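Please read these numbers as outputs of a predicted model, since none were measured by experiment.
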Amino acid sequence: MGPIGFSTGALAKGDFRRGLELQDAQETTAVELSALREDELQPLVEELSSLALSRFQYISVHAPSRLTSRSEDWLISLLHRVPGEWPIVAHPDLIREVDAWRTLGWRLCLENMDIRKPTGRTADELDETFALLPEAGFCFDIGHARQIDPTMTVAVEMLQRFGDRLRQLHVSEVGTFGEHRAIGYLARLSYRSVARFVPSDVPIILESIVPPERIQRELELARELFAA
Amino acid sequence: MNASDWTAFEGLRRQLSEEWPNIVAAQRRTADLLEELKSLDEFSSEDTSIVFYGSMGRGEVTERSDADWALLVDGPSDPNHPRVIEDVRQRLEKLGLEKPGQTETFGVMADSHELLHHIAGTRDTNQNLTRRVLLLVESRAITQPRVRERVLLNVLDRYIVHDTVAPRREPPEDVIPHFLLNDVVRYWRTMATDYAAKMFERQGQEWALRNLKLRFSRKLIFMAGLLHCFSFQLEPPANRKEISEEDLPRALARHILTRTENPPIEVMARTFTTLTAWDAARGFFAAYDQFLGILADENKRARLKELPLEKSSADDPVWQEGWDASGRFRKATRALFFDDPVLGELMVRYGVF
């Protein structure tokens, strides 16, 4: 089984230190440092060197989901300050200045989107963005895929088409309004049906928004679902 | 169910210095079974709720076989819904609970869309009416209680807030949810006519047990439903005077929602207490206690199940016991609903026509 852990954003929104602290007791081996909101990225980047991250086998950073007052050039220049071996997860609908994003090369991971977004929700839609950014990797969000299609046909298609680009998984249950929540039984049944398409060593990042006492249970469920 | 579910009933029991041991035993059995059913949490998903009806929903379990339940779905369709139902069914079998009856009203999926959007009219089936009224009067969510509550809020909203009311010059004298009341009455008559239909289809099979259930527990559901509808008049909220005419429907829906948290026995106890109808309360609960005693007695229950539908069965001692108790139950019910000036007036004005 590959490294597993939580997104700091799921556990503590913009408070990445708290998001790390909450995982200490569980000895997680992967983490996604989340800066989903535009104003969260700079403080994160500036404090990276002071964070205790040595125990993690896998670390990634999630870029803001949208920009309201800043430019993509500003965003990319900040992202270049993130350590070179860490993947950077981004939403396809954020990408306008393609040339700027190309400079991130293989580190950029495009995430499949949920029903609220205008693109990136299916394999065909993601194909369009991968055509512009051929080196980019893939962050497969299984909850988003299920929200788009509970039969998981869309999920399988994405995994089969972009399997060789797969860098990490996002795992949670996603509700009708795009909210991330603990993995319920129906979601588990759906996820079990596609687990065999996921290589066993792919890092798993949990995005379930759960209270601290539920963290361990979510980790156990994810391990159970994706154990080889 | 815990002690707080039975506050009014316990208060009444102490006030009248009565035991009503079979009712109390049934409540305990229900609490024990609910404890076991916590394992169903494994099958929990947001947007679905495993809901129990029947004696479990009323808090009156007399034998372990009672398991009328449904997977209440209030969210997107999922091809795995039938799988969840089967998994729950298997778990209940392992716990020694029997499958629900033959009508396919229970042990299946109950879709909130139908409950909400098919109220009366040509698309409201017998099953849908049953599931909806029982959800209001005798249901208990084992998983995701907020889903059940959300569906109830929607249903009450439909019955009350979205009811088309003829314009009037003055506000109404009484605050009554007419649409809901009519559906509760319709459901009572449906239960009675369904009994007749089933007796014909099944050639009188289990007539005695079904007959007693109609006279007692089905009638209890009807009474509790009626009292929900009259609750705003009988026990108005503390802030009644501050509620504007425009806000009244929503306040009424909310008021009734809080009452649906109480099992029917508790609703009755509360009403007897509010109306200080002590003699009627004694007669009512003594008779109902006797009924539950018959159901809890394996031999009596089995005897009633096998009793042939013929004239000589009228003299059967177990049947006679139930029949006599139902007479006392009817008398106490009539006293409660018609002897009290306020409730009696509501019954005549709204319950009959």
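Counted within 6.0 Å of CD on A:Gln160, heavy atoms from surrounding residues, nucleotides or ligands total more than 12; the atom is thus considered enclosed. Atom CZ of B:Arg146 has 12 or fewer heavy atoms from other residues, nucleotides or ligands within 6.0 Å. Other residues, nucleotides and ligands place more than 12 heavy atoms under 6.0 Å from the CZ atom of A:Arg55. Heavy atoms of other residues, nucleotides or ligands lying less than 6.0 angstrom from CZ of A:Arg192 number more than 12. Around atom CD of B:Glu246, no more than 12 heavy atoms belonging to other residues, nucleotides or ligands sit under 6.0 Å away. Within a 6.0 Å sphere centred on CZ of A:Arg214, other residues, nucleotides and ligands contribute more than 12 heavy atoms. When the shell of 6.0 Å around CZ of B:Arg186 is examined, it contains more than 12 heavy atoms from other residues, nucleotides or ligands.
Residue contact with chain A, scored on non-hydrogen atoms closer than 4.5 Å, involves the side chain of B:Thr48 exclusively. The part of A:Thr176 that comes within reach of chain B is its side chain, from C-beta onward, which places non-hydrogen atoms under 4.5 angstrom from that chain.
Across B:Ser44, B:Pro76, B:Ser45, B:Ser77, the residue that shares the most heavy-atom pairs under 4.5 angstrom with chain A is B:Ser45.
Distance check, rounded to the nearest 0.5 Å: CD of A:Glu173 to CG of B:Asp47 gives 7.5 Å. The OH atom of A:Tyr185 sits 12.5 Å away from the OG1 atom of B:Thr143 when rounded to the nearest 0.5 Å. Here the straight-line distance linking atom CE of A:Met152 with atom CG of B:Asn80 works out to 9.5 Å at 0.5 Å rounding. The CD atom of B:Glu46 sits 11.0 Å away from the CG atom of A:Leu186 when rounded to the nearest 0.5 Å.
Between B:Asp78 and A:Ser190 there is a side-chain heavy-atom pair separated by less than 4.5 Å. Residues A:Pro150 and B:Pro79 have side chains in contact (heavy-atom distance under 4.5 Å, counting atoms from C-beta outward).
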